[in-house]
Amino acid sequence: QVQLVESGGGWGQAGGSLRLSCAAYGRTFRSVAMGWFRHAPGKEREFVAATSWSGDTTYYGNSVKGRFTISRDNAKNTVYLQMNSLKPEDTAVYYCAAGSFVSITVQPYDYWGQGTQVTVSS
């Protein structure tokens with residue numbers, strides 16, 4: 001079992017930055033891949049970013065590539081999502097997820113956080 005707790009959401013301005021954190025509790029954090037997904041009202045859930053357990057492999061969704069950075073600190077059992085150059089279309093509930101291997105799809109992610117709201121004003 002892995003329990004995930006997101007934090008760091010809130011309000012941001014277009015062009016600004018926010019950093020999300022996701023703390024993991026339970027199963028050995030080092031052995032799981034971590035991902036971020038988001039869900040905006042009226043839209044389908046969207047892949048944002050993912051990292052392998054080692055951090056050597058990372059993937060990004062096309063809409064955030066070059067603006068967002070995923071990283072992890074295995075000593076702190078935490079994964080981060082640094083969001084720069086924010087746009088109003090980044091407004092969504094952001095979820096972190098843990099899974100057996102890194103992927104841009106939801107398939108390998110067995111554990112999910114409760115989500116944190118990010119709202120970007122123009």
Side-chain angles (χ1 to χ4, degrees):
Q1 283 280 4
V2 177
Q3 182 182 6
L4 304 174
V5 180
E6 300 103 334
S7 60
W11 291 87
Q13 286 191 327
S17 300
L18 286 173
R19 188 176 81 156
L20 304 183
S21 300
C22 175
Y25 304 90
R27 175 182 166 186
T28 303
F29 180 73
R30 292 175 180 81
S31 65
V32 297
M34 299 295 296
W36 287 97
F37 292 79
R38 66 187 183 186
H39 193 190
K43 297 183 179 180
E44 294 185 353
R45 179 168 46 188
E46 179 186 9
F47 167 74
V48 177
T51 177
S52 62
W53 68 270
S54 66
D56 290 343
T57 300
T58 56
Y59 298 122
Y60 294 94
N62 288 334
S63 61
V64 307
K65 200 171 295 183
R67 301 188 297 121
F68 291 10
T69 303
I70 188 171
S71 62
R72 64 190 296 161
D73 185 340
N74 287 341
K76 296 182 178 180
N77 288 356
T78 301
V79 64
Y80 305 96
L81 184 68
Q82 178 66 44
M83 305 186 294
N84 298 330
S85 302
L86 287 167
K87 302 177 180 180
E89 50 264 45
D90 293 323
T91 296
V93 177
Y94 284 71
Y95 299 89
C96 72
S100 54
F101 59 90
V102 64
S103 174
I104 66 172
T105 71
V106 301
Q107 187 263 331
Y109 298 102
D110 298 318
Y111 304 99
W112 293 80
Q114 81 287 352
T116 185
Q117 176 71 46
V118 170
T119 304
V120 182
S121 59
S122 57

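Keep in mind that what you see is a predicted model, and the values were worked out from it rather than measured.
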Any donor and acceptor pair, going by atom type alone, linking the side chain of [X] with main-chain N or O of [Y] inside 3.5 Å?
X    : Y   : answer
R67  : S85 : yes
N74  : W53 : yes
E6   : C22 : no
Y109 : A33 : no

Interatomic distance, [X] atom [atom1] to [Y] atom [atom2] [nearest 0.5 angstrom]:
X   : Y    : atom1 : atom2 : result
F37 : T105 : CZ    : OG1   : 6.5 Å
R72 : C96  : CZ    : SG    : 11.0 Å
D90 : N84  : CG    : CG    : 10.5 Å
Y59 : S52  : OH    : OG    : 8.5 Å
T58 : M34  : OG1   : CE    : 14.5 Å

Quick one: closest heavy-atom pair of [X] and [Y], and the distance?
X    : Y   : value
S122 : P88 : CB-CG, 3.8 Å
A49  : Y60 : CB-CD2, 3.7 Å
V2   : A24 : CG1-CB, 4.2 Å
W36  : L20 : CH2-CB, 3.7 Å
G55  : T51 : CA-OG1, 3.3 Å

Derivation of the side-chain contact (heavy atoms from CB on, under 4.5 Å) call for Q117 and T91: CA-CA 8 Å; Q117 176 71 46; T91 296; 4.0 Å; yes
Parallel, tilted or perpendicular, as decided by the 30° and 60° cut-offs, for the rings of W112 and Y95: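 The arrangement is perpendicular - the two ring planes meet at more than 60°.
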Mutual orientation of the aromatic rings belonging to F68 and Y94 [parallel < 30°, tilted 30-60°, perpendicular > 60°]: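 Because their plane-to-plane angle lies in the 30° to 60° range, the rings of F68 and Y94 count as tilted.
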Under 3.5 Å side-chain donor-acceptor pair for E46 and S63: yes
Within one Ile-Leu-Val-Met-Phe-Trp-Tyr cluster: V118 and V79, side-chain cutoff 4.5 Å: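 Per the 4.5 Å side-chain linkage, V118 and V79 are co-clustered.
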Cluster link L18 to I70, ILVMFWY, side chain under 4.5 Å: yes
Audit row: V64, M83, side-chain contact (heavy atoms from CB on, under 4.5 Å) steps and yes/no: CA-CA 8 Å; V64 307; M83 305 186 294; over 6 Å; no
Q107 side chain near F101 side chain, heavy-atom distance below 4.5 Å: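 A side-chain contact exists here, since the closest heavy-atom pair is under 4.5 Å.
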Atom CD of Q114: over 12 foreign heavy atoms under 6.0 Å: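 It does: Q114 CD has more than 12 such atoms within range.
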Heavy atoms from other residues, nucleotides or ligands near NZ of K43 exceed 12 (cutoff 6.0 Å): no
